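The next block holds one structure in the form of structure tokens; read it before the comments.
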Amino acid sequence: MERDYDHIAIEERWMKDWIDNKVWSMPETPRKEKRYTVTMYPYPSGDMHMGHVEIFTIHDAIARYYRMRGYDVLSPIGFDSFGLPAENAAIQRGLDPKEWTYANIEKLYSSAQRIGCSFDWDRKIATSDPEYYKWNQWFFLKFYERGLAYRKAAAANWCPNDKTVLANEQVVAGKCERCGAEVTKVFMTQWFFKVTDYADRLLDDMPLNTGWNERLKTLQVNWIGRSFGAEVEFDVEGADPITVYTTRPDTLWGATFFVMAPELPLAEELVKGTGKEQELTDFKNQVAKLTEIDRTSTERPKKGMFLGRYAINPVNGEKIPIWVADYVLMDYGTGAIMAVPAHDQRDLDFARQYDLPVRVVIQPPDRELDEDTMTEAYVGPGTMVNSGPFDGTSVDESVKKVTDWLASEGRGRHAKNFRLRDWLVSRQRYWGTPIPIVFCDDCGEVPVPYEELPLVLPENVDFTPTGEASPLATATDWVNVACPKCGKPARRETDTMDTFVDSSWYFHRYTDPHNTEIPFERAKSDAWMPMDQYTGGIEHAVLHLIYARFFQKVLVDMGMARDPEPFPNLLNQGLITMGGKRMSKSRGNIVEPQEAFQRFGADSLRLFMLFSGPPEANFDWPEEGVDAIGPVAYDWLKRVWRLCEENRDGFDGGGTEAGPAEETLRKDLHRTIKVVTADYEAFSFNTAIARLHELVNQAYRYRSGGGTNQQVLDEVIEVLLKLLAPIAPYLAEEQWHRLGHETSIHFEPWPEHDPQLATEEEVTMVVQVNGKVRDTILVPADVTEAKMTELALASEKVQGFLNGEPKKVIVKPPKLVSLVA
RNA sequence: GCCGGAGUGGCGGAACCUGGCAGACGCGAUGGAUUCAAAAUCCAUUGUCCGCAAGGGCGUGCGGGUUCAAAUCCCGCCUCCGGCACCA
């Protein structure tokens with residue numbers, strides 16, 4: 001038999017064996033306690049890169065560990081195959097997105113198999129399959145029926161490069177999340193999902209996500225951005241009252257002017273008859289020219305215009321001028337604000353710019369504010385002044401008191417607001433799920449009947465985005481259709497859905513991937529959900545991870561799901577970089593997985609990655625590239641391999657008798673089982689590997705000391721292979737079979753440590769004098785406090801630092817005696 | 001500005017939750033064994049300063065505090081990373 005560690009032969013053999021025998025396939029529902037582990041499914045936008053390898057490796061080690069712990073583990077895989085990444089890549093290469101996508105999917109599946117991923121290959125999904133996206137359309141119609149999908153004309157984020165609108169979440173620092181182009185605003189009629197209806201639940205259920213890290217939770221909480229305050233009604237001279245939202249109703253007496261967003265239709269109405277109509281139009285044009293980045297920059301001086309009309313401050317009857325200004329956002333609150341320059345920096349900046357009055361209504365405890373000269377708004381603690389009946393009220397209770405009073409007067413009410421906006425789901429792109437709506441001149445928006453689903457994406461369409469209309473608009477055969485309601489000629493919606501719709505429920509589909517009647521059967525979903533472990537990048541913090549939570553809550557309301565939260569345990573793997581930069585072809589800092597497989601094997605690559613640090617930590621790949629895997633991972637696997645092979649040769653007469661050396665080795669082994677298991681439980685693979693290094697070192701030390709006891713060495717090696725199996729599955733499987741086993745190591749029960757053996761009999765006791773270690777003494781584990789003190793005081797080294805009797809003695813059995821001189 | 005996270009040898013990292021020998025494990029480096037030689041392998045040393053040694057001093061971003069004892073807990077800073085940011 002082959003003696004050398006021939007990683008290629010071994011890995012290819014077992015890869016085929018596992019796939020051919022469908023060893024990872026799960027029944028429809030678990031037969032015993034389950035673990036449902038999912039890794040965020042990738043985009044098929046190219047061949048496998050190290051980011052995939054990392055996330056697959058982490059996920060797979062977890063799945064394999066749970067499997068050996070005796071759980072039924074569902075570990076599925078699929079592809080997020082619709083969307084911009086695939087489509088753009090296809091366009092660049094002049095290919096059809098479909099061909100390009102499916103070719104990549106095949107490549108990526110085979111790379112995933114090469115890594116050794118133990119996915120259930122019978123449950124593969126691709127969201128660009130009509131069998132999948134049919135259900136996106138089905139959900140869209142259900143949402144529509146529930147009033148959760150609606151169309152409205154609104155200013156939307158427009159990516160001039162990708163030529164489509166984007167959701168708020170897909171604009172990062174004013175730029176397109178996908179391509180980095182600077183986003184502009186465009187006024188369009190678009191489809192939205194009503195996430196804001198679920199904003200409270202998204203926040204209030206957050207504590208259920210016990211396995212999320214602080215960073216991620218904060219990101220989402222900030223993004224949803226709930227604030228509490230009040231709505232206050234202002235009368236307007238010669239017009240209907242206007243409501244504003246404020247978090248500081250207690251500063252109402254300091255409201256010296258009124259501001260609204262220029263785009264607000266109300267501004268247009270108010271300006272009528274003032275002679276300033278043209279001025280407003282010009283101002284609006286000026287504002288519209290600003291990019292989103294400029295518009296929201298706090299550096300830029302604020303610009304405004306007086307509308308020539310007045311509002312009445314409800315608390316004191318004062319006439320205050322109504323302005324429009326570019327610093328007020330149209331889509332937050334009511335798009336109009338009361339301006340309190342003394343206690344809001346933006347209002348103060350604006351007041352100084354246009355010479356508007358400033359009135360202090362909160363008096364700081366420690367100084368006087370000067371209304372005429374102050375340049376910093378005061379937002380700290382204090383008491384109300386110039387506020388009529390409320391003078392003297394502390395700010396601790398002022399908001400509540402004033403709001404209660406406004407409510408009793410019928411001029412306001414308690415209110416809250418969210419930073420979160422409704423989810424814009426329309427995309428003017430080809431490669432996505434067609435939105436199942438027909439527009440009829442007589443009937444308006446008409447849903448495509450369920451029995452006509454899937455509404456298949458037409459082929460042979462010029463899919464190049466033009467920015468004018470969706471590419472689907474050019475497919476006239478497809479667009480022109482009889483109205484489902486009245487039968488008259490009508491037109492289909494030509495926008496497609498944001499692909500984040502696809503990914504909002506795919507983890508349910510995995511539980512029932514071939515269902516042709518409904519998206520998934522609740523009994524099957526309930527059997528596996530909630531997900532026990534989700535693995536994926538933090539870049540989805542306010543994208544997928546909010547959308548999917550929203551979807552889950554809607555599913556619950558629809559009676560389709562049980563759990564309020566879909567994935568309470570989430571591991572955010574770190575980023576892989578090289579030289580601190582993302583790996584990319586253009587930078588030339590790519591480490592090719594295929595090269596690593598060839599030279600060192602998947603096991604070495606997996607081991608290398610997991611040993612590099614905790615899975616959550618970013619990993620800067622060493623500059624040697626693939627070479628780095630050799631000394632760190634490959635050489636050690638060879639060392640393990642040699643240990644196994646040498647042992648398999650056997651020893652004359654079964655080797656040495658069991659004695660103290662064997663006893664020590666067995667103790668090491670059982671302590672290793674104990675700590676390695678704890679490491680696996682915490683996904684602390686790097687320390688688990690370190691412990692396995694130590695075990696192997698111990699075994700070598702035993703051998704070089706002349707130890708040849710077959711029985712003990714067999715035990716050590718069998719356990720070692722099991723403990724290593726989730727990390728280096730191929731080598732473990734190969735050596736397991738070489739030991740004569742017929743069945744897979746990956747379904748072997750996880751080793752149990754013998755508590756007797758794992759317990760230390762002797763421990764090193766530390767003796768400190770004044771907090772410094774002065775001696776270490778070997779003592780029995782069950783040593784008494786009295787004996788410890790006696791030994792400590794008897795130590796010559798210790799005596800050198802004591803002047804006679806210690807003032808104080810602290811004993812923590814069995815490891816520490818601390819003396820105070 | 002607000003909210004999070006992090007700062008430990010030449011390097012990746014361990015110990016932080018639960019205060020108790022800082023630097024596990026690995027890389028690299030140095031020395032040695034083996035070899036005609038190299039690779040591979042094996043053994044040893046490797047925080048830093050003083051010292052021939054025994055031994056001792058210092059040491060976890062900075063400054064304080066709590067404690068017999070602080071990388072670990074508390075307070076105040078600094079730096080880096082990430083997010084949000086004219087959200088009223």
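Just so we're clear, the structure is a prediction, and the values are computed from it rather than from any experiment. Below, read A as the first sequence line, B as the second, and so on, with proteins coming before strands; counting in each chain starts at 1.
For A:Val172 and A:Ala617, each mapped to the nucleotide of RNA chain B holding its nearest heavy atom, the one lying further toward the 5' end belongs to A:Ala617.
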**Message:** Using salt bridge (Lys or Arg N to Asp or Glu O under 4.0 Å), reason through A:Glu233 and A:Arg413 one step at a time and then give a plain yes or no.
**Reply:** CA-CA 9 Å; A:Glu233 234 171 65; A:Arg413 64 208 69 89; 3.6 Å; yes

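For the pair A:Lys808 and B:rC68, the criterion of a side-chain N or O lying under 4.0 Å from OP1 or OP2 is met. In this structure, A:Arg642 reaches the B:rC42 phosphate: one of its side-chain N or O atoms is under 4.0 Å from OP1 or OP2. At least one side-chain nitrogen or oxygen of A:Arg639 sits closer than 4.0 Å to the OP1 or OP2 atom of B:rC42. Between A:Ser227 and B:rA88, a side-chain N or O to OP1/OP2 separation shorter than 4.0 Å is present.
In this structure, CG of A:Asn213 is placed 12 Å from C1' of B:rG83, rounded to the nearest angstrom. We find that NZ of A:Lys638 is positioned 7 Å from C1' of B:rA40, with the value rounded to whole Å. Taking atom NZ on A:Lys217 and atom C1' on B:rG82, their separation rounds to 18 Å, with Å as the unit. Regarding A:Asn618, its CG atom lies at a distance of 10 Å from the P atom of B:rG82, rounded to whole Å. Taking atom CZ on A:Arg215 and atom C1' on B:rG5, their separation rounds to 7 Å, with Å as the unit. Distance A:Phe685 CZ to B:rA14 C1': 17 Å, rounded to the nearest Å. The distance from atom CG of A:Asp620 to atom P of B:rC11 is 13 Å, rounded to the nearest whole Å. Remark: P of B:rA88 and CG of A:Asp344 are 9 Å apart, rounded to the nearest angstrom.
Using a 4.0 Å heavy-atom criterion, one finds that A:Thr247 contacts the sugar-phosphate atoms exclusively. If you check every strand for non-hydrogen atoms under 4.0 Å, A:Phe801 touches sugar and phosphate atoms only. Residue-level contact check: A:Lys815 touches neither bases nor backbone, having no heavy atom under 4.0 Å from any strand. In this structure, A:Val820 reaches the sugar-phosphate backbone alone: every heavy-atom distance under 4.0 Å involves primed, P, OP1 or OP2 atoms, never a base. Contact annotation for A:Pro806: no contact, since no heavy-atom pair falls under 4.0 Å across all strands. At a threshold of 4.0 angstrom between heavy atoms, the contacts of A:Leu816 include nucleobase atoms, whether or not backbone atoms are also involved.
Judged by distance alone, with hydrogens and angles left aside, A:Thr218 brings no side-chain donor or acceptor close enough to the base of B:rC3 to form a pair under 3.5 Å.
With a cut-off of 3.5 Å on both Watson-Crick or G-U wobble distances, the partner of B:rG63 is given as B:rC75. The nucleotide B:rA70 finds no pairing partner, because no Watson-Crick or G-U wobble arrangement with both distances shorter than 3.5 Å includes it. In this structure B:rG1 sits in a base pair with B:rC84, meeting the Watson-Crick or G-U test at under 3.5 Å. The partner of B:rC27 is B:rG10, by the rule that a Watson-Crick or G-U pair needs both atom distances under 3.5 Å. Nucleotide B:rC16 forms no Watson-Crick or G-U wobble pair with any nucleotide shown, as no partner meets the under 3.5 Å limit on both distances. Under the Watson-Crick or G-U wobble criterion, with both distances below 3.5 Å, B:rA22 has no partner in any strand shown. Look at B:rU41: its Watson-Crick or wobble partner, with both distances under 3.5 angstrom, is B:rA33. In this structure, B:rA54 makes no Watson-Crick or G-U wobble pair, since no nucleotide meets both defining distances under 3.5 angstrom.
Comparing B:rC58, B:rG82, B:rG56 by their closest approach to the side chain of A:Lys772 singles out B:rC58. For A:Arg774, counting side-chain heavy atoms from C-beta on, the closest listed nucleotide (B:rG57, B:rG12, B:rC3) is B:rG57. In the set B:rC86, B:rG5, B:rG55, B:rG55 carries the atom at the smallest distance from any side-chain atom of A:Lys797. The side chain of A:Arg419 has B:rA85 as its nearest neighbour among B:rG20, B:rA88, B:rA85. Taking only side-chain atoms of A:Tyr332, from C-beta outward, the nucleotide of B:rG4, B:rA88, B:rG20 with the closest atom is B:rA88.
B:rC77 and B:rC3 are spaced 12 Å apart, taking the P atom of each and rounding to whole Å. Between the C1' atoms of B:rG47 and B:rU60, the separation comes to 11 Å (whole Å). Using atom C1' as the reference point in both B:rC27 and B:rA14, the two lie 15 Å apart (nearest Å). Nucleotides B:rG61 and B:rA22, compared at atom P, are 16 Å apart to the nearest Å. B:rU48 and B:rA85 are spaced 47 Å apart, taking the P atom of each and rounding to whole Å. Remark: the separation of the P atoms in B:rG13 and B:rU66 is 35 Å, to the nearest Å. Using atom C1' as the reference point in both B:rG57 and B:rA6, the two lie 31 Å apart (nearest Å). Rounded to the nearest Å, the gap between the P atom of B:rG59 and that of B:rG5 is 28 Å.
The residue from A:Asn618, A:Asp620, A:Asn589 that alone fulfils the side chain to side chain donor-acceptor pair (under 3.5 Å) condition with A:Thr577 is A:Asp620.
Taking the six-membered ring for Trp and thresholds of 30 and 60 degrees, A:Trp323 and A:Phe350 have ring planes more than 60 degrees apart, a perpendicular arrangement. Between A:Phe619 and A:Trp621, the angle of the ring planes lies from 30° to 60°, which puts this pair in the tilted group. Classification of the A:Tyr5-A:Trp641 ring pair by plane angle, with boundaries at 30° and 60°, yields tilted.
A:Asp197 contributes atom CG, which lies 7.0 Å from atom CG of A:Asp422 (distance to the nearest 0.5 angstrom).
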**Message:** Treating primed atoms plus P, OP1 and OP2 as sugar-phosphate and everything else as base, which nucleotides of nucleotides 22-32 of chain B get B, S or - for protein heavy atoms under 4.0 Å?
**Reply:** --BBSSS----

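Electrostatic pairing of A:Lys638 and A:Asp4 does not count as a salt bridge here, judged by no charged N lying under 4.0 Å from a carboxylate O.
Here the closest non-hydrogen pair linking A:Glu231 and A:Thr243 is CB-CG2, 3.8 Å.
Taking 4.5 Å as the limit, some side-chain heavy atom of A:His7 sits within range of a side-chain heavy atom of A:Tyr634.
In this structure, the side chain of A:Arg774 does not engage the main chain of A:Val798 through any donor-acceptor pair within 3.5 Å. For A:Asp331 (side chain) and A:Arg421 (main-chain N/O), no donor-acceptor pair under 3.5 Å exists by modelled atom type.
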